[in-house]
Amino acid sequence: MLGSERGRIAQWIARYLPLEVLGTVAAIAGAAAAYEASGSLVAAAVAGTVAEGVGYYALVVVRGIRGHLRSRRVRRHRGAPRRAFVAVVLTLRGLVTEFGPAEALDTFLVRPALLVAATTVLGPNPTGWLVGKLAADVVFYAVAIVSFELGRRLILPDGGADAASRPAPPRRRRRAEPARDPATPAPTAPRLEGALR
């Protein structure tokens, strides 16, 4: 039981940590570039927010499309354009299933409230902003993980089924051989010496 929980936690880390790193790098780069170009903190904040979303979800989309293109759900369709279209639709469906509730809650309620609360308690300084951001991230990922676990069938290629979790194929039953009279001698295998010369 503990091993399966550790496996789930490792899967969540492998799934979400690269997104967080890429989103953070994109946010810093976008904010820095906007501030350099405009000298405006407001423009830098807006650019950083947009860049973070683009960096974060670009990896989700690329990873999803690549996974779906290899899946049985998509490979059964004929023609590359049709397969590409189905892969994109399945990826977008998975994106909304996994991140839609977390994004709605985060954007409209949790993140603004926690940023205000943290900066009210700790002051409007980097520590206050960081504490507010990290608290909002905890709520965001808690909701995203619940959505992921409940929506695996819609999110993961082929429903997330792997070889270990698929049911074993039914065993073929041998046809029953007719009952043989004990007085009758058993059949012998044909002799092939002459045929092999």
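Just so you know, these numbers come straight off a predicted model, no measurement behind them.
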Are [Y] and [X] connected in a single hydrophobic cluster, I mean Ile/Leu/Val/Met/Phe/Trp/Tyr linked by side-chain heavy atoms less than 4.5 Å apart?
{"X": "Phe140", "Y": "Phe108", "value": "no"}
{"X": "Val88", "Y": "Val61", "value": "yes"}
{"X": "Leu115", "Y": "Val138", "value": "no"}
{"X": "Leu95", "Y": "Leu17", "value": "yes"}
{"X": "Leu22", "Y": "Phe99", "value": "yes"}

Is [Y] close to [X] at the side-chain level, that is, under 4.5 Å between some pair of heavy atoms?
{"X": "Leu156", "Y": "Phe148", "answer": "yes"}
{"X": "Arg75", "Y": "Leu69", "answer": "no"}
{"X": "Tyr16", "Y": "Leu19", "answer": "yes"}
{"X": "Thr97", "Y": "Ser147", "answer": "no"}

Under 3.5 Å, sequence neighbours excluded: what are the donor-acceptor pairs made by side chains of residues 46-56?
| unit_1 | atom_1 | unit_2 | atom_2 | d |
| --- | --- | --- | --- | --- |
| Thr49 | OG1 | Ala45 | O | 2.8 |
| Tyr56 | OH | Tyr141 | OH | 3.0 |

Quick one: side-chain hydrogen bond (donor to acceptor under 3.5 Å, both in side chains) pairs with a partner in residues 100-110, sequence neighbours left out? Tyr57-Glu103, Glu103-Thr107, Asp106-Arg111
Can you tell me which residue pairs pass the side-chain hydrogen bond (donor to acceptor under 3.5 Å, both in side chains) test with a partner in residues 23-45, sequence neighbours excluded?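 Output for this query is empty, none listed.
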Within this structure, what is the CD1-CD1 distance for the pair Ile145 and Ile9, rounded to the nearest 0.5 Å? 9.0 Å
Going by side-chain heavy atoms closer than 4.5 Å, which hydrophobic residues are tied to Leu114, directly or by a chain of links?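 Members other than Leu114 - counting any ILVMFWY side chain reachable under 4.5 Å - are Leu105, Leu109, Val110, Val139, Val143.
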Please answer whether the main-chain N or O of His77 pairs with a side-chain N or O of Arg83 as donor and acceptor at a distance below 3.5 Å.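 Pair found, side chain donor or acceptor close to backbone of His77.
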Scanning both residues in full, the closest heavy-atom pair of Ala118 with Gly128 reads CB-O, 3.3 Å
Where Ala14 and Pro18 come nearest, the two heavy atoms and their spacing: O-CD, 3.3 Å
Which of these, Arg15, Arg153, Arg152, sits in a salt bridge (Lys or Arg N to Asp or Glu O under 4.0 Å) with Glu98? Arg15
Does atom CZ of Arg66 have more than 12 heavy-atom neighbours, drawn from other residues, nucleotides or ligands, at distances under 6.0 Å?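 Open.
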List for me each residue that meets side-chain hydrogen bond (donor to acceptor under 3.5 Å, both in side chains) alongside Trp12, sequence neighbours excluded, and say none if there are none. Glu149
With sequence neighbours excluded, tell me which residues meet side chain to side chain contact (heavy atoms under 4.5 Å, CB included) with Ser71.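 Ser71 satisfies side chain to side chain contact (heavy atoms under 4.5 Å, CB included) with His68, Arg73, Val74, Pro157, Asp158 only.
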